[in-house]
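Reviewing the structure listed below.
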Amino acid sequence: MSIYDRLNEQQKEAVFTVDGPVLILAGAGSGKTNVLTHRISYLIDEAGVNPYNILAITFTNKAAGEMRERVDKLVGFGAEQIHVSTFHSMCVRILRRHADRIGYDGNFTIYDTDDQKHVMKEVTKKLSIDPKQLKDREIMNVISSCKDELVTPEEFRMSSIGDFKKSKIAECYVEYQERLKKNNAFDFDDLLMKTVELFKADPDVLRNYQNRWQYIMVDEYQDTNTAQFELVRLLTGDRHNLCVVGDDDQSIYRFRGANIRNILDFEHYYPEAKVIKLEQNYRSVGNVLDAANSVIRNNSGRKEKALWSNKEKGNPIHFREFDNGYEEAEYVASEIRHSVREGNSEYGENAVLYRTNAQSRSFEEQFVRSNIPYRIVGGVNFYSRREIKDLVAYLKTIDNGRDDLAAKRIINLPKRGIGATTVNKVQAAADSHGISFFDALVRPDLTGITGATAEKLHGFSNLIFVLRARLESFGVEKILDEVLDLTDYINQMEVDSEEEAEERIENIEELRNKMIAYCESNDEPTLSGLLEEIALVADIDSVDDDENRTLLMTIHSAKGLEFKNVYLVGMEDGLFPSYMSIQSGDAEIEEERRLAYVAITRAKEDLTITYAKARMNHGETQYNPVSRFVREIPTELFDIAPRTANKRRFDDYDDSFESESFKRKPYGGDTGFTGFKRIPTNTDDTPSGFRRTPSSILGEKAYSDKQVTGVMPSKKTPEEQKPFIARKDALSGISKGSDLSAKGSDYGVGDRVKHIKFGEGTVLSIEPQGEDKKVKVSFDTAGVRIMYASFARLVKI
DNA sequence: CGTACTAGTCTTTTT
DNA sequence: GACTAGTACG
C-alpha cells in the first residue's frame with residue numbers, strides 16, 4: 001500500500017510522469033492540488049530528485065503555504081528545501097540578489113497601485129497632459145499591459161509613432177520608468193519584467209537558476225501572462241522538465257494580462273509535451289456539476305473536456321428572486337442561520353460569492369443583525385487603508401530614506417506646519433542634486449530653507465533619526481509602538497466618528513499583530529524583510545480556514561476554494577456579466593462565463609442563486625434582467641426555475657417558513673411570479689419555527705439596537721449597552737508606551753472579560769511579551785483570539 | 001499653511 | 001453613496 005494507490009489512473013499518470021514537459025488539464029474539483037503534492041513527493045522519494053532542485057510556483061501566498069504544508073506531510077524530510085512561492089515573491093528574491101546587473105540597487109522598494117498613481121500624477125504634470133483628455137488611470141493601464149507583454153518604454157515609443165494619443169502615453173511610460181528607477185523602485189509588473197530582463201542580460205545568472213531548479217511546476221497556469229510565460233520558459237531552459245497545471249475554463253484574469261493562449265498553445269510550444277486530463281470531479285454533487293457544464297458549454301475555443309462525477313444528483317439548484325438587494329441579503333442571512341440551527345451546516349461551510357466588492361455591504365449588515373460570524377475577504381486591501389499606509393510610510397522611511405513617496409506622505413503627519421511650498425522646495429533640491437527627498441530635507445544648504453521652516457524640517461528628520469536609533473536598540477517588534485508613541489499618531493488622527501476611530505485602532509492593532517507574527521516566524525527579522533512581505537500579500541492570504549465564519553468574497557477571490565453551501569448572489573445581466581463586458585463583446589462575455597463557471601463549481605452540495613429585480617448601484621436604482629448565465633442552466637435543475645416558476649411551487653417551498661412573526665408573501669409581477677417578499681411583523685425577525693432557548697431570544701432582543709461591526713456578544717446586560725468609551729480614554733493606553741503593561745492587568749486566567757468589539761469571553765492564557773502581555777481569550781461568539789493586553793483593553797466582568 | 005467645500009470618480013476583478 | 005483630490009479662501 002503506497003500513498004499513490006488512492007489516485008485514479010489519470011492522476012497516477014500525472015504524478016509518475018516526471019521528465020519532460022507535462023500539461024495537466026485539471027477540471028474544477030479534480031484533485032489538482034493532491035496531484036501536485038503527490039508529484040513532488042514522488043519526485044523526491046521515488047525519482048531521487050533533490051528537493052533543492054524543485055520549484056513550485058503558485059498564484060497566492062495562501063496556495064503556496066498550503067502546498068508546502070501538504071508536501072511536508074507526505075515527504076519525510078527535506079520538504080523545506082523545495083522552493084514554493086508566488087511568481088512575485090520569487091522575482092523579488094532574485095532581484096534582491098542581482099538587481100545591480102540591470103542598474104538597480106538590491107535594496108529597492110516595491111510600489112503599490114497607490115504609489116504608482118502618485119508617480120503618474122507627477123509625470124502627467126511634468127508633461128502637462130490634460131487629465132480630462134487622458135486619464136492617469138488609462139495611462140497606467142496601458143503601461144501595465146505593456147509590462148505584462150514585456151514591451152519596453154522604447155519599443156512602445158517606436159510603435160506609437162503617428163498615433164497622437166498613444167505617443168503621449170509612450171512619453172509618460174518613458175518618464176514614469178525613469179522616475180521609478182531614480183527612486184530605486186519597482187512596481188508589481190516590473191518585478192516580473194525586470195527579472196526576465198535580468199535573465200536575458202546576464203546568462204550566467206540565468207544558468208545559475210536553471211541549474212538550481214531542474215524540476216519546475218506551475219499551478220493555475222491558465223492565469224499566467226506573457227511575462228510569466230517567458231520567465232518559466234527561461235528557467236526551464238533545455239531541460240524541459242516543466243509541469244504546468246491549469247484549466248482553461250477557469251481563466252479569469254485576462255484583464256490583468258493573463259494570456260489564455262499560454263495554456264491553449266502549450267503543446268504547440270512543447271511538441272513533445274504529454275497532455276493529461278483530469279476529468280473526474282470529486283467535489284460537487286451531480287446537479288451542481290451539470291449546471292456548471294451547461295454554462296461553460298456556451299464558450300468557444302475550449303480544450304475538449306468532459307467533467308464527470310459519480311456522486312449523487314443532490315439537491316436541485318435553488319433560485320430565488322427578490323425585489324431588491326436588501327431582501328436578497330436578508331434571505332441569505334436567514335437561510336444560513338436556519339441551516340446552522342438545524343444542524344445542516346456550520347457557519348464556515350457557507351460562503352457568499354458576488355461579482356463586485358460593493359455588494360458585500362448589504363450582506364454584512366444583515367449578518368451583523370443576524371449574529372452570523374462572518375469574514376469579508378478583499379474590498380479595500382488592508383495595506384491600502386489610510387492609517388496603515390501612514391504607519392508603513394514611517395517604517396519605510398525609518399528603514400531607508402530612499403522612498404520619496406513615503407517620506408512625503410508623513411512629513412506633515414501629524415501636522416507639523418510643513419506645507420506644499422516647502423515640500424516642493426525640498427523636492428527641487430533633491431532633483432537637482434540627484435539625492436533622495438529625505439537626504440535633501442536635512443540639507444538646508446541645498447534647499448535654501450531657513451528660519452522657522454528649517455526648524456520644522458529639522459524636527460521631522462530628528463524624529464526619524466531617533467526612531468532609527470530605537471529600531472537599533474529595541475528591534476522590529478517594538479518599532480511600531482515607538483512610532484505611535486513619538487508621533488502621538490492615534491490622538492492626532494482625524495476621525496469623523498467614534499466608529500471610525502475604533503476601526504482604525506483595530507487596524508493598527510492588526511498591523512501590530514502581523515509585525516509580531518513576522519518577527520516570530522523569522523530567525524532574523526529585519527524591517528526591510530517585513531516591508532517586503534507587506535508589499536506582496538493578498539487579502540485571501542490571511543484567510544484562516546479554521547475560523548468557522550461564513551466567508552463573503554468576490555468570485556475572483558474564491559478561485560481554488562470550496563464550500564458545502566454556496567450563495568451566488570446578484571445574478572443580473574449588467575452586474576454579472578458586468579455592463580462593461582456586455583458592451584465589449586464576446587471575448588469579454590466568455591471571460592465572465594468562465595467566472596460563472598468558477599463560482600458554480602465552488603459548491604460541494606448546495607448552490608443558491610439569487611437575483612434582485614432592483615438594485616442600488618452608485619446611488620441610482622437599476623432594473624436588470626436575470627443573468628444570461630442563469631438562463632443557460634436547464635430549468636430541470638432548479639427547484640424554482642427563473643421566469644417559469646409559479647405560485648404553487650413557491651408555496652410548496654414557503655411552507656417550512658410560514659409563521660406568525662414572519663411572512664413571505666407572493667409577489668404579483670407582470671412576468672409571472674418568481675419572487676417573494678418578507679414582512680417582519682415584530683422586532684424579533686426570527687422565524688418562530690425554530691427552537692430557541694430563552695437566552696438566545698434575549699440575545700436577539702438586545703440586537704435591536706443596531707450594531708455596526710463584526711460579531712457581537714449573544715448576551716448583554718443593560719449596563720453594557722452604554723456606548724463605547726470616549727475616544728481619548730480609549731486611546732490613551734496605546735499612545736503612551738510606558739502605560740502598556742499597567743493596562744489590563746486586573747484579570748487573570750479563567751476570568752470572564754469583555755472586549756469592545758468581540759464581546760464577552762473567557763481568558764485562556766496570559767503570557768508576557770516584552771513589556772506587553774499576550775492574552776488568549778475564547779469569546780462566546782467571536783471564537784478564540786490572541787491579542788495584546790495594551791490594545792485589547794479587556795475589562796473584567 | 002490649513003480648512004472647508006466642491007467635483008469627480010468609482011464599481012470588474014489584484015500580485 | 002462614499003471616498004478622494006483639487007480648489008478657493010481665511
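Throughout, protein chains are lettered first and strands after them, A, B, ... in sequence-line order, and every chain is numbered starting at 1.
- In terms of phosphate contacts, A/Ser557 brings a side-chain nitrogen or oxygen within less than 4.0 Å of OP1 or OP2 of B/dT14.
- Distance from the side chain of A/Met580 is smallest to B/dT12 among B/dT12, B/dT15, B/dT11.
- Checking side-chain atoms of A/Arg355 against main-chain N and O of A/Gly570 turns up no donor-acceptor pair under 3.5 Å.
- In terms of heavy atoms, A/Met120 sits closest to A/Cys172 at SD-CB, 4.4 Å.
- Looking at heavy-atom distances under 4.0 Å, A/Asn412 makes contact with sugar-phosphate atoms alone, never a base.
- Taking atom P on both B/dT13 and C/dT4, the two are 16 Å apart, rounded to the nearest angstrom.
- Nucleic acid contact for A/Thr60: none, since no nucleic acid atom lies under 4.0 Å from a heavy atom of the residue.
- If you check every strand for non-hydrogen atoms under 4.0 Å, A/Thr422 touches sugar and phosphate atoms only.
- Looking at which nucleotide of DNA chain B each of A/Val423 and A/Leu536 is closest to, the 5′-most match is held by A/Val423.
- Look at A/Asn357 and you'll find a side-chain N or O under 4.0 angstrom from OP1 or OP2 of B/dT13.
- Contact annotation for A/Thr421: backbone-only contact, meaning every heavy-atom pair under 4.0 Å involves sugar-phosphate atoms and none involves a base.
- Separating the CZ atom of A/Arg137 from the P atom of B/dT12 is a distance of 9 Å, rounded to the nearest angstrom.
- Computed from coordinates, the A/Asp136 CG to B/dG8 P distance equals 16 Å when rounded to whole Å.
- Counting non-hydrogen atoms under 4.0 angstrom, A/Ala535 reaches nothing in the nucleic acid.
- For the pair A/Ile376 CD1 and B/dT14 P, the interatomic distance rounds to 14 Å; values are reported in whole Å.
- Nucleotide B/dT9 holds its C1' atom 14 Å from the CG atom of A/Asn617, rounded to whole Å.
- When distances are taken from the side chain of A/Arg386 to each of C/dT4, B/dG2, C/dA2, the shortest belongs to C/dT4.
- Minimum atom distance to the side chain of A/Lys415 is reached by B/dT3, of the listed B/dT15, B/dT12, B/dT3.
- Between the side chain of A/Tyr374 and the main chain of A/Val368, no donor-acceptor pair closer than 3.5 Å is present.
- If you measure from atom CZ of A/Phe87 to atom C1' of B/dT15, you get 11 Å, rounded to the nearest angstrom.
- Along DNA chain B, the nucleotide nearest to A/Tyr579 and the one nearest to A/Asn61 differ in position, and the one closer to the 5' end is contacted by A/Tyr579.
- Phosphate proximity of C/dA5 to A/Lys117: absent, as no side-chain N or O sits under 4.0 Å from OP1 or OP2.
- Following rounding to the nearest Å, A/Ile411 (CD1) and B/dG2 (P) show an atom-to-atom distance of 11 Å.
- At a threshold of 4.0 angstrom between heavy atoms, the contacts of A/Glu592 include nucleobase atoms, whether or not backbone atoms are also involved.
- Ring-to-base geometry places A/Phe255 in a stacked arrangement with B/dT13 (centre distance under 5.5 Å, plane angle under 30°).
- The CE atom of A/Met553 sits 21 Å away from the P atom of B/dT12 (whole-angstrom rounding).
- Atom CZ of A/Arg355 is separated from atom P of B/dT13 by 7 Å (rounded to the nearest Å).
- For A/Thr554, counting side-chain heavy atoms from C-beta on, the closest listed nucleotide (B/dT13, B/dT15, C/dA5) is B/dT13.
- Between A/Lys456 and B/dC1 there is no side-chain polar atom (N or O) within less than 4.0 angstrom of OP1 or OP2.
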Chi angles and distances behind the salt bridge (Lys or Arg N to Asp or Glu O under 4.0 Å) call for A/Glu220, A/Lys32: CA-CA 10 Å; A/Glu220 306 284 14; A/Lys32 171 192 74 167; 3.4 Å; yes
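- The distance between the ring centers of A/Tyr253 and A/Phe59 falls below 6.0 angstrom.
- A cation-pi arrangement is present between A/Lys181 and A/Tyr104 under the rule of less than 6.0 angstrom and at most 45 degrees off the ring axis.
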